[in-house]
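Right, one structure below, let's go through it.
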Amino acid sequence: MLVDIYDEHGLLDDITIQKVKQVIEECLSYEQVQQEVEVSLNIVDSMYIRKINKEYRQTDKATDVLSFPQFNSKEDFNQGSVILGDIVLAHEIVREQAKEYNHSLLREVCFLVAHGMFHLLGYDHMNSIEEQAMQDKQDYVLNKLDIRR
């Protein structure tokens, strides 16, 4: 597994980077992905995430996390090494949400990375059933790694 991290805003310390990698590994393990994958994690500001949210999702507002899968289907995993995709976090929003939800910055980052990973793996939350399935997966990963609120 290769994780490229771009953090010009200083959101991630060394401990958080290690936990993020564990979260990514656990998401892959949960989905039984055994192939080598590459994931990119980009930390940007809220203006930039708003710009790309508008460009790619036609939603003109900032958000906490965006995911951009680079593969078409799980059959792509049979091809060997896979560039899974990009996860983008807005550092200001991540910090604000950690305070708002009264938990650590580490927990907020790891939650959003897990959320982004399951999007990269083909899951969505367009209805309550899908939303609950994604929430269950995220909770499983965070609980297994003892990343609590």
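We use all heavy atoms of the structure for the numbers below, so side chains are in, but hydrogens, waters and symmetry mates are not.
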side-chain contact (heavy atoms from CB on, under 4.5 Å) evaluation trace for Arg148 with Asn143: CA-CA 7 Å; Arg148 309 281 180 198; Asn143 288 334; 2.7 Å; yes
To check you understand the geometry: which heavy-atom pair defines the closest contact between [X] and [Y], and what is its length?
| X | Y | result |
| --- | --- | --- |
| Tyr6 | Asn42 | CD1-OD1, 3.0 Å |
| Ile5 | Lys21 | CD1-CE, 4.5 Å |
| Asp4 | Glu38 | OD2-OE2, 2.9 Å |
| Ser46 | Ala90 | CA-CB, 4.2 Å |
| Leu11 | Arg95 | CA-NH2, 3.5 Å |

Side-chain (Glu55) to main-chain (Lys51) donor-acceptor, under 3.5 angstrom: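 Checked: no pair found.
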Main-chain N/O of Leu12 paired to Asp7 side chain as donor or acceptor, under 3.5 Å: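 Yes, Asp7 side chain to Leu12 backbone: donor-acceptor pair under 3.5 Å.
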Ring geometry between Tyr140 and Tyr30 (parallel below 30°, tilted from 30 to 60°, perpendicular above 60°):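 Taking Tyr140 first and then Tyr30, their aromatic rings sit tilted (interplane angle of 30° to 60°).
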Drop me the distance from [X]'s [atom1] to [Y]'s [atom2], to the nearest 0.5 angstrom.
| X | Y | atom1 | atom2 | answer |
| --- | --- | --- | --- | --- |
| Cys110 | Glu26 | SG | CD | 12.0 Å |
| Lys19 | Ile24 | NZ | CD1 | 13.5 Å |
| Leu84 | Glu36 | CG | CD | 12.0 Å |
| Arg50 | Asp45 | CZ | CG | 12.0 Å |
| Leu41 | Asp86 | CG | CG | 9.5 Å |
| Glu92 | Ile49 | CD | CD1 | 9.5 Å |

Report whether [X] and [Y] are members of the same hydrophobic cluster (ILVMFWY, side-chain heavy atoms less than 4.5 Å apart, transitive linking).
| X | Y | value |
| --- | --- | --- |
| Leu106 | Val3 | no |
| Val88 | Val37 | no |
| Phe68 | Met134 | no |
| Val23 | Met1 | yes |
| Ile52 | Ile93 | no |

Residue pairs, two or more places apart or on separate chains, that pass salt bridge (Lys or Arg N to Asp or Glu O under 4.0 Å) and touch residues 107-126: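 Sorted result for residues 107-126: empty, none.
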Basic-acidic side-chain contact under 4.0 Å: Asp139, Lys137: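 The answer is no: the pair does not qualify as a salt bridge.
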Please check if atom [atom1] in [X] has more than 12 non-hydrogen atoms from other residues, nucleotides or ligands closer than 6.0 Å.
| X | atom1 | value |
| --- | --- | --- |
| Asp14 | CG | no |
| Glu100 | CD | yes |
| Asn102 | CG | no |
| Arg149 | CZ | no |
| Ile83 | CD1 | no |

CA sep, side-chain torsions, deciding dist, call: Val44, Leu89, side-chain contact (heavy atoms from CB on, under 4.5 Å): CA-CA 6 Å; Val44 301; Leu89 301 179; over 6 Å; no
Derivation of the side chain to side chain donor-acceptor pair (under 3.5 Å) call for Asn127 and Glu131: CA-CA 6 Å; Asn127 60 51; Glu131 184 173 3; over 6 Å; no
Pairwise side-chain contact, Gln97 with Leu112, heavy-atom cut-off 4.5 Å (strictly under):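 Side-chain contact under 4.5 Å: yes.
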Under the side chain to side chain contact (heavy atoms under 4.5 Å, CB included) test, residues paired with Asn53 that sit two or more places apart: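 Checked Asn53 against side chain to side chain contact (heavy atoms under 4.5 Å, CB included); matches are Arg57, Thr59, Lys61, Thr63, Leu66.
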Indicate every side-chain donor-acceptor pair of residues 113-121 with a distance under 3.5 Å to a residue at least two apart or in another chain.
| unit_1 | atom_1 | unit_2 | atom_2 | d |
| --- | --- | --- | --- | --- |
| His115 | ND1 | Gln138 | OE1 | 2.6 |
| His115 | NE2 | His119 | NE2 | 3.1 |
| His115 | NE2 | His125 | NE2 | 3.3 |
| His119 | ND1 | Tyr123 | O | 2.9 |
| His119 | NE2 | His125 | NE2 | 3.1 |

